[in-house]
Amino acid sequence: MDIEQRTKTLTTAYIHSYNLALQEVKNPNLAAQIATAVIMVINTNIPEQPAINPLAAFFAQLAAQQPEPGKKEGSDSDRTENAAD
């Protein structure tokens with residue numbers, strides 16, 4: 001979830017919480033405090049997505065494509081064993 005989506009979600013939650021609290025307690029200051037507490041709890045429960053470093057992802061893909069050191073692709077050792085069978 002990016003910052004714009006998170007802001008929109010928390011703003012909507014604040015407005016709904018404030019309106020509901022205001023209907024219940026009939027005190028605007030207390031309703032604002034309740035709504036603030038609600039969005040603080042929601043914000044702490046939204047899972048964080050780790051930031052992706054594009055350079056690290058690129059190097060990880062390169063490393064995955066490289067053959068293992070000391071092991072040649074298409075080595076003749078497999079062919080000689082199969083030919084002897």
Residue pair T7 / I3: nearest heavy atoms and the distance that separates them: OG1-O, 2.7 Å
May I ask you to list the residues sharing a hydrophobic cluster with L55, side-chain cutoff 4.5 Å, ordered by chain and number? F58, F59, L62
Could you pull out every donor-acceptor pair under 3.5 Å between side chains of residues 27-39 and any protein atom, sequence neighbours left out?
from, atom 1, to, atom 2, distance (Å)
N27, OD1, N29, N, 3.1
N27, OD1, L30, N, 3.4
T36, OG1, A32, O, 2.8

Side chains of residues 17-24: which donor-acceptor pairs under 3.5 Å do they make with residues two or more places apart or in other chains?
from, atom 1, to, atom 2, distance (Å)
S17, OG, A13, O, 2.7
N19, ND2, I15, O, 3.3

Roughly how far apart are T11 OG1 and K8 NZ, rounded to 0.5 Å? 10.0 Å
How long is the straight-line distance from CD1 of I42 back to OG1 of T9, given to the nearest 0.5 Å? 9.0 Å
